[in-house]
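Encoded as structure tokens, the structure appears first; notes follow it.
So that the names make sense, note that chain A is the first sequence line, chain B the second, and so on, each numbered from 1.
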2 protein chains.
Amino acid sequence: MSTKQKPADRALHLEQFLPYRLNVVGFFASRALGRVYGTRFGIGIPEWRVIAQLGEFGQLTSRDIGELSQMHKTKVSRAVSELDKRGLVTRAENRADRREAFVALTAAGQRLYAQIVPLALAFEERWIEGIAPEELRVFERVLAMLTERGRHLAGAYQTEEA
Amino acid sequence: MSTKQKPADRALHLEQFLPYRLNVVGFFASRALGRVYGTRFGIGIPEWRVIAQLGEFGQLTSRDIGELSQMHKTKVSRAVSELDKRGLVTRAENRADRREAFVALTAAGQRLYAQIVPLALAFEERWIEGIAPEELRVFERVLAMLTERGRHLAGAYQTEEA
DNA sequence: TGACATTAGTTGCGCTTGTAACTAACTGGA
DNA sequence: TCCAGTTAGTTACAAGCGCAACTAATGTCA
């Protein structure tokens, strides 16, 4: 008899099952943030992600936005359309490749971005408040590893996966 | 001038923004697991959670299931109905309180549970493989703190929140 | 006992989502 | 130059979701 226990013999406790726990905390995160954006600015998570990327990078194609913010292209398409309709972004055809368009924040979009950023950072701050910095660093490093491995295990959409 | 920087002055980088990162990793987790359950057993995440809780606790009301697995009562209701339709669970009225019913796995449900558990554990194992145990412990402790605080920040559904 | 509040669970509804199919545009080799 | 293959982005469709409203049963308090 081996001292090594077969995995099949171990019991499962959902509340300690890592995929479940990550899903729950991610759900809380997006729900809480969604409330902030939704109630004060009338936008959802996908719209927020588009704005955040444009605020950071200035000008992007929808494809770039999707890749940077891990969103399906249809979600990006709809979010950009919505923001366009509200006058928060513009779309400018790329003359060198007329399939794609450069999306950028309008002045109104930039003002909105400038309003949201401090709220988002304050939210994050309040969330991690009181957690020891070096523990947080470990947490973030492990999180990065899990995310990278999870990306492959999940096979993110039809993209890459070589 | 204070050396303490005002939060509003800091820049936001979405890919380092914690709520975003948690949401992404949670998405990968549920997508990857959903594939395993979906392709091999034809069930979704909500159904899996119901089965997992019943496999662990034996007999529960829908209310209990929802609380234990962080699901909205309508989601629980639909998942239980689906599992009932497939003959994987039974519902037995509680005679002491006829509003509620005890849900339990049938023999077929228990067999399914016994099949899924090792796969779920193997998946988790493969995911955390190679991560230093003490880093993982730190990770899980911080995760628990973030989850608990996130629960309050999000105000999980219409429940509690006192 | 009776009336009102609360709770477990279901269902109608509208919204969001991903898949698949599509259009339009570009690429690269023969 | 042409044509098959690829890519950016949109849209039709069906499935899944939460909210609100509902039913039926229980709890509470006078």
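- Rounding to the nearest 0.5 Å gives a distance of 12.5 Å between CD1 of Ile128(A) and CZ of Arg126(A).
- Atom pair Lys75(A):NZ and dG16(D):C1' shows a separation of 13 Å (rounding to whole Å applied).
- Here the CH2 atom belonging to Trp127(A) is positioned 7.5 Å from the CG atom belonging to Leu33(A), to the nearest 0.5 angstrom.
- Atom CG of Leu60(B) and atom C1' of dA8(C) are 14 Å apart (whole Å).
- In terms of phosphate contacts, Ser77(B) brings a side-chain nitrogen or oxygen within less than 4.0 Å of OP1 or OP2 of dT10(C).
- One finds a side-chain N or O of His72(A) lying less than 4.0 angstrom from the OP1 or OP2 phosphate oxygen of dT19(C).
- For the pair Glu82(B) CD and dT10(C) P, the interatomic distance rounds to 13 Å; values are reported in whole Å.
- Regarding contacts with the backbone of dA8(C), a side-chain N or O of Arg63(B) is found under 4.0 angstrom from either OP1 or OP2.
- When the side-chain nitrogen and oxygen atoms of Arg98(A) are compared with OP1 and OP2 of dC26(C), one or more of them lie within a distance under 4.0 Å.
- Counting any heavy atom pair closer than 4.0 Å across all strands shown, Arg91(B) reaches sugar-phosphate atoms only and no base atom.
- Asp84(A) places its CG atom 10 Å from the P atom of dT10(D), with the value rounded to the nearest Å.
- Heavy-atom distances to DNA chain C give each of Asp97(A) and Arg78(A) a nearest nucleotide, and the one nearer the 5′ end belongs to Arg78(A).
- Across all strands, Ser81(A) comes closer than 4.0 Å to no nucleic acid atom at all (heavy-atom distances).
- In this entry the distance linking CD of Glu93(A) with C1' of dC26(C) reads 13 Å, nearest Å.
- Contact annotation: Arg35(A) side-chain N/O to dG18(D) OP1/OP2 distance is not under 4.0 Å.
- Ile65(A) places its CD1 atom 17 Å from the C1' atom of dT7(D), with the value rounded to the nearest Å.
- Rounded to an integer number of Å, the gap from Asn94(A) CG to dG9(D) C1' is 14 Å.
- In this structure, Glu135(B) contributes its side chain and Ala132(B) its backbone to no donor-acceptor pair below 3.5 Å.
- Under 4.0 angstrom from either OP1 or OP2 of dA8(D) there lies no side-chain N or O belonging to Lys73(A).
- Under 4.0 angstrom from either OP1 or OP2 of dC19(D) there lies at least one side-chain N or O belonging to Arg31(A).
- Of the side-chain N and O atoms in Arg99(B), none sit less than 4.0 angstrom from OP1 or OP2 of dC22(D).
- In this structure, the side chain of Arg10(A) does not engage the main chain of Leu121(B) through any donor-acceptor pair within 3.5 Å.
- Thr74(B) comes within contact range of at least one nucleobase, with a heavy-atom separation under 4.0 Å.
- Classification of the Trp48(A)-Tyr37(A) ring pair by plane angle, with boundaries at 30° and 60°, yields tilted.
- In this entry the distance linking CE of Met71(B) with P of dT10(C) reads 13 Å, nearest Å.
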